[in-house]
Amino acid sequence: MRTFRVAVHAADPLTGTGLRTWLAECPRISPTALGEAEVVVVAAAAVDASVLHLLRGLPAPAGSRFVLLVSGGCHAGPVAAEPRIRAVLWRAEVDAAALVRTVHDVAAGRAFLPSAVQGGLLDELERIQREVLGPRGLSASGLNSREIDVLRLLAEGRTLSEVAAELSYSERTIKNILSAAQIRLGLRNRVQAVSYAIRGGLI
């Protein structure tokens, strides 16, 4: 059974000690330093702009995920701005079992956010699509409908010339469409671009 590397960050040493004690009771959790953690439990006053500064200053690995234990308010904006925030727990309501369960869920790729924050995130995504992506012909995936059509046909095994004929473009235009998408998304080749679209559920 796999263990999860978990670190704790708390400005108050007493809070930090208490959280580490709770986590140490679970055999599947391996306490570790911030620089090696898969999951970082962070005690914070609230989820607001200041918490973004705090999280971005922690020496946690790029792929780590955050579980926030908060005593104050929780706003959707910071959660949208920092996708590594995967769970928010209210300090007054949490106990050792709930914290351990949430850490396990986050380590396994799941999330736990208050319903008000979930609604705020959906509102923010809608605003970004309407005001930022939509006017540029993009979706939240970073691809436009024409790029998605090209990648869908490539995923079906079509050649570039067949894709061009199907969409009534020149082969050169298809190559330009692919190149623009790859550059924008930081992908090295067509295979990566197709994989990106498949993983995102776009095709």
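- The other members of the hydrophobic cluster of L19, by chain and number, are F4, V6, V8, W22, L23, I29, V39, V41, V67, L69, L89, V94, L99, V100, V103, V106, F112 (side-chain heavy atoms under 4.5 Å, ILVMFWY only).
- E131 pairs by the salt bridge (charged side-chain N to carboxylate O under 4.0 Å, His left out) definition with R127, not counting sequence neighbours.
- Residue V40 comes nearest to A60 through the heavy atom pair CG2-CB, 4.1 Å, listed as atom of the first residue, atom of the second, then distance.
- With rounding to the nearest 0.5 Å, the separation of CD1 in I183 from CG in L178 is 11.0 Å.
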Please list, one pair per line, the donor and acceptor atoms closer than 3.5 Å that link side chains of residues 186-195 to other protein atoms, with sequence neighbours excluded.
residue, atom, partner, partner atom, Å
N189, OD1, V191, N, 3.2
N189, OD1, Q192, N, 2.8
Q192, OE1, R188, N, 2.7
S195, OG, V191, O, 3.0

Open item on the list: Does I203 form a side-chain contact (heavy atoms from CB on, under 4.5 Å) with D149? I'd like the steps, not just the answer.
Closed with: CA-CA 8 Å; I203 58 177; D149 286 341; over 6 Å; no

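- Heavy atoms only, all atoms of each residue included: S30 and T3 are closest at CB-OG1, 4.4 Å.
- Shortest non-hydrogen contact noted between A10 and A43 is CB-CB, 3.9 Å.
- Legend: residues meeting side-chain hydrogen bond (donor to acceptor under 3.5 Å, both in side chains) with S161, ordered by chain and number and at least two apart, are T159.
- Applying the salt bridge (charged side-chain N to carboxylate O under 4.0 Å, His left out) test to pairs two or more places apart or on separate chains, those with a residue in residues 172-185 are E147-R184.
- Cluster annotation: L34 and V51 are assigned to the same hydrophobic cluster (Ile/Leu/Val/Met/Phe/Trp/Tyr, side-chain heavy-atom contacts under 4.5 Å, transitive).
- Counting only residues at least two apart or on different chains, the salt bridge (charged side-chain N to carboxylate O under 4.0 Å, His left out) pairs with a member in residues 29-43 are R2-E38, R5-E38.
- The list of ring pair (Phe, Tyr, Trp, His ring centres under 6.0 Å) pairs with a residue in residues 159-203, not counting sequence neighbours, is empty.
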Open item on the list: Could you go through L167 and I174, starting from their C-alpha distance and side-chain angles, then the distance that decides it, and tell me whether this counts as side-chain contact (heavy atoms from CB on, under 4.5 Å)?
Closed with: CA-CA 9 Å; L167 299 178; I174 297 300; 4.3 Å; yes

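- Applying the side chain to side chain donor-acceptor pair (under 3.5 Å) rule to pairs touching residues 83-106 yields T15-R91, S64-R84, E82-R84, D105-R110, sequence neighbours excluded.
- Residues satisfying the side-chain hydrogen bond (donor to acceptor under 3.5 Å, both in side chains) test with S50, not counting sequence neighbours, are D48.
- Checked against salt bridge (charged side-chain N to carboxylate O under 4.0 Å, His left out), E162 has no partners two or more places apart in sequence or in another chain.
- Residues passing the salt bridge (charged side-chain N to carboxylate O under 4.0 Å, His left out) test with R20, sequence neighbours excluded: none.
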Open item on the list: Could you walk me through whether V42 and L58 satisfy the side-chain contact (heavy atoms from CB on, under 4.5 Å) test, starting with their C-alpha distance in whole Å, then the side-chain angles of each, then the deciding distance to 0.1 Å, before giving a yes or no?
Closed with: CA-CA 10 Å; V42 179; L58 295 178; 4.1 Å; yes

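- Residue L113 holds its CG atom at 8.5 Å from CD1 of I85, rounded to the nearest 0.5 Å.
- Checked by atom type and distance alone, the side chain of E166 never pairs as donor or acceptor with a backbone atom of L153 at under 3.5 Å.
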- [ ] For the pair L160 and L154, evaluate side-chain contact (heavy atoms from CB on, under 4.5 Å) and give the outcome as yes or no after the intermediate values.
- [x] CA-CA 8 Å; L160 286 181; L154 288 174; 4.2 Å; yes

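- E171 meets the salt bridge (charged side-chain N to carboxylate O under 4.0 Å, His left out) test with no other residue; sequence neighbours excluded.
- The two residues L151 and A197 come nearest to each other via the heavy atoms CD1-CB, 4.0 Å.
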